[in-house]
Amino acid sequence: MHVMIIGSGGREHALAWKISQSPRAERIFVVPGNAGTDIEGENVALPMDDFGKLIAFARDQQVGLTIVGPEAPLAAGLVDAMEDAGLRVFGPRKNAAELESSKVFCKNLLRSADVPTAEYQAFSDPEEALNFLRSREDVPVVVKADGLAAGKGVVVCSRRQQALEAVEQIARQKIFGVAGDRLVIEERLDGQEASVLAITDGQTILTLPPAQDHKPAHDGDTGPNTGGMGAYCPAPLVTSEMLHWIEEHVLVPTVHTLKRSRRPFRGVLYAGLMITKQGPKVLEYNVRFGDPECQPLLMRLKSDLLEVLEAVVEGRLERIGGLEWDPRPAVCVVMASEGYPGDYVKGHPIRGLEDTESLPDVKVFHAGTAVRDDRVVTAGGRVLDVTALGETLAQAKFNAYRAVKCVRWPGAWCRKDISDKALQN
Ligand code: AMP
Ligand code: GLY
């Protein structure tokens with residue numbers, strides 16, 4: 001079968017790598033891809049937002065399955081356009097992807113499904129939001145732009161003044177554009193965060209082992225927020241008992257409520273959870289594999305991913321039974337460009353990648369890389385996702401950082417404490 005993967009990050013490299021192991025995969029196209037995906041498959045230089053060209057390419061190349069990596073094309077309706085053109089594609093349609101593209105929709109759905117989440121109010125009038133904040137006690141709140149804002153539309157506030165400023169910037173100054181047309185103001189929750197992802201065809205739910213991301217730039221969860229500086233899996237914070245509870249009280253009611261609302265969900269449902277003293281509560285939903293959580297997850301997956309994703313598209317996930325996992329934990333360390341998540345320079349040649357190839361149980365997934373004059377160069381903020389398995393989490397961490405040491409370019413940096421949160425528990 002010919003498979004097309006949409007996206008260009010570490011998640012898409014991991015997807016291409018895993019799909020390439022399926023005996024059924026013949027050709028793998030990655031649109032637009034990076035230097036790593038071009039090794040697992042073939043990069044195709046098409047814009048992700050030109051649905052007409054993507055559909056024409058898929059038809060020409062007889063693509064049997066398309067997998068959409070990032071949220072933007074899902075929110076823009078790529079799955080709808082491809083399905084309506086008679087093509088098979090893994091990912092939710094636009095009306096189900098609203099779970100991620102509209103925080104107001106997500107919160108209202110959580111409330112109607114009776115899924116535990118922070119108390120909230122939604123606003124479309126900035127004045128009302130400001131009055132709401134002024135009229136209540138000065139307690140910690142979180143202000144969220146309704147729409148997609150590349151992970152930056154959430155402001156966690158300790159004091160009222162910060163919240164008032166956040167409303168001013170998001171809803172009045174529109175620093176995230178139309179994403180700020182509506183707002184959610186919600187109670188700030190305390191606890192540790194975990195990511196629980198599930199693959200679903202809208203009927204059957206296959207829950208993946210829990211993972212943990214590291215969003216702040218620096219060690220000890222300090223510094224500005226990023227797209228994610230590392231992840232590991234499984235996260236012992238979420239016990240198997242808790243995982244069952246999350247399935248029953250979070251994932252199942254969400255999928256059922258979407259179905260009842262005539263927005264059947266097919267794809268990856270990713271619950272971003274806060275594990276509070278009262279139990280797990282949903283912070284947000286994503287409608288795709290998490291990046292970087294996908295990398296350690298797929299490193300541990302033993303089942304044939306292509307078979308599983310095809311079963312979702314054909315609505316027969318029930319017959320897959322379950323997924324098979326490597327019992328060993330996996331740790332993924334993101335290596336980033338100097339200056340990220342702020343401005344950074346691209347185009348530095350990356351050295352030492354070949355030295356990582358002989359290391360056992362290590363895979364270096366590419367994120368922001370490109371090929372220039374036959375050399376792999378940096379081409380983004382998050383550059384490489386160095387991922388390793390180990391007998392224990394500590395060993396997986398050791399293996400990942402040993403590989404990190406092999407790779408260099410001017411200004412390369414990474415967090416040094418990926419997975420330490422688990423080791424402290
Ligand atoms: P979201 O995009 O909604 O996941 O928010 C991004 C990040 O903001 C989360 O990963 C949390 O670290 C933080 N966050 C979001 N909502 C809350 C909340 N209600 N309480 C505390 N932190 C939150
Ligand atoms: N790892 C967080 C995300 O993919 O949004």
Verdict with reasoning, Arg382 to Asp291, per side chain to side chain contact (heavy atoms under 4.5 Å, CB included): CA-CA 11 Å; Arg382 292 191 293 172; Asp291 189 345; 4.1 Å; yes

Residues Thr254, Leu99; criterion side chain to side chain contact (heavy atoms under 4.5 Å, CB included); working and verdict: CA-CA 10 Å; Thr254 300; Leu99 208 51; 4.2 Å; yes

Side chain to side chain donor-acceptor pair (under 3.5 Å) between Thr37 and Glu12, intermediate numbers included: CA-CA 7 Å; Thr37 58; Glu12 287 75 26; over 6 Å; no

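Thr222 contributes no side-chain N or O that, together with a main-chain N or O of Gly220, makes up a donor-acceptor pair within less than 3.5 Å. Remark: side-chain polar atoms of Lys107 are paired, donor with acceptor, to backbone N or O of Ala118 under 3.5 angstrom. One N or O on the side chain of Asp201 and one on the backbone of Leu317 form a donor-acceptor pair closer than 3.5 Å. Using modelled atom types, no side-chain atom of Glu119 and backbone atom of Glu187 make a donor-acceptor pair closer than 3.5 Å. Remark: side-chain polar atoms of Asp219 are paired, donor with acceptor, to backbone N or O of Lys416 under 3.5 angstrom. A side-chain donor-acceptor contact under 3.5 Å links Gln212 to the backbone of Glu193. A distance-only check finds a donor-acceptor pair linking the side chain of Thr239 to the backbone of Met242 [under 3.5 Å]. In this structure a side-chain-to-backbone donor-acceptor pair under 3.5 Å is missing from Trp409 to Arg351.
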List the atom pairs, with distances to 0.1 Å, where a side-chain N or O of residues 300-312 and a protein N or O form a donor-acceptor pair under 3.5 Å, not counting sequence neighbours.
unit_1	atom_1	unit_2	atom_2	d
Arg300	NE	Asp326	O	3.1
Arg300	NE	Arg328	O	2.8
Arg300	NH2	Asp326	O	2.8
Ser303	OG	Glu324	N	2.6
Asp304	OD1	Ser22	OG	3.1
Asp304	OD1	Leu306	N	3.0
Asp304	OD1	Glu307	N	3.3
Asp304	OD2	Ser22	OG	2.9
Glu310	OE1	Arg24	NH1	2.3
Glu310	OE1	Arg24	NH2	3.1
Glu310	OE2	Arg88	NH2	2.6

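To the nearest 0.5 angstrom, Asp213 atom CG is 9.0 Å from Cys332 atom SG. For the atom pair Ile55 CD1 and Phe51 CZ, the distance stands at 8.0 Å (nearest 0.5 Å). Atom-to-atom distance recorded for Thr387:OG1 and Leu298:CG is 10.0 Å, nearest 0.5 angstrom.
Residues Asn108 and Tyr120 have side chains that bring a donor and an acceptor to within less than 3.5 angstrom of each other. With hydrogens and angles left out, the side-chain atoms of Ser8 and Asn34 include no donor and acceptor closer than 3.5 Å. Judged purely by distance below 3.5 Å, without hydrogens or angles, the side chains of Ser195 and Glu293 pair a donor atom with an acceptor atom.
Side-chain contact check for Ile19 versus Ile67: some heavy-atom pair is nearer than 4.5 Å. Val404 is listed as a side-chain neighbour of Met335, based on a closest heavy-atom distance under 4.5 Å. The shortest side-chain heavy-atom distance between Asp181 and Asp146 does not fall under the 4.5 Å cut-off. Residues Pro341 and Asn225 have side chains not in contact (no heavy-atom distance under 4.5 Å, counting atoms from C-beta outward). The side-chain heavy atoms of Arg266 and Val79, taken from C-beta on, include no pair separated by under 4.5 Å. The side-chain heavy atoms of Phe289 and Gln295, taken from C-beta on, include no pair separated by under 4.5 Å. Using a 4.5 Å heavy-atom cutoff, the side chains of Thr200 and Leu251 are not in contact. You'll find the side chain of His366 stays beyond 4.5 Å of the side chain of Glu40, heavy atoms only.
Enclosure of atom CZ in Arg188 by more than 12 non-hydrogen atoms of other residues, nucleotides or ligands within 6.0 angstrom is indicated. By the 6.0 Å contact criterion, CG on Asp343 is open, its count of non-hydrogen atoms from other residues, nucleotides or ligands being 12 or less. For Arg172, the CZ atom is densely surrounded, since the number of other residues' heavy atoms within 6.0 Å is greater than 12. For Gln62, the CD atom counts as loosely surrounded, since its 6.0 Å shell holds 12 or fewer non-hydrogen atoms of other residues, nucleotides or ligands. Few gaps surround CD on Glu168; more than 12 heavy atoms of other groups in view lie less than 6.0 Å from it. The number of heavy-atom neighbours closer than 6.0 Å to CZ of Arg159, taken from other residues, nucleotides and ligands shown, is 12 or below. By the neighbour-count criterion of 12 heavy atoms within 6.0 Å, atom NZ of Lys53 is sparsely surrounded, having that number or fewer from other residues, nucleotides or ligands.
Of the charged side-chain nitrogens involved, none lies within less than 4.0 Å of a carboxylate oxygen, so that Glu284 and Lys144 do not count as a salt-bridged pair. Under the 4.0 Å criterion applied to side-chain N and carboxylate O atoms, Arg415 and Asp221 are assigned as salt-bridge partners. The pair Arg93-Asp84 counts as a salt bridge, with a side-chain nitrogen and a carboxylate oxygen less than 4.0 angstrom apart.
Aromatic ring orientation, Trp17 versus Phe365: perpendicular (interplanar angle above 60°, classes split at 30° and 60°).
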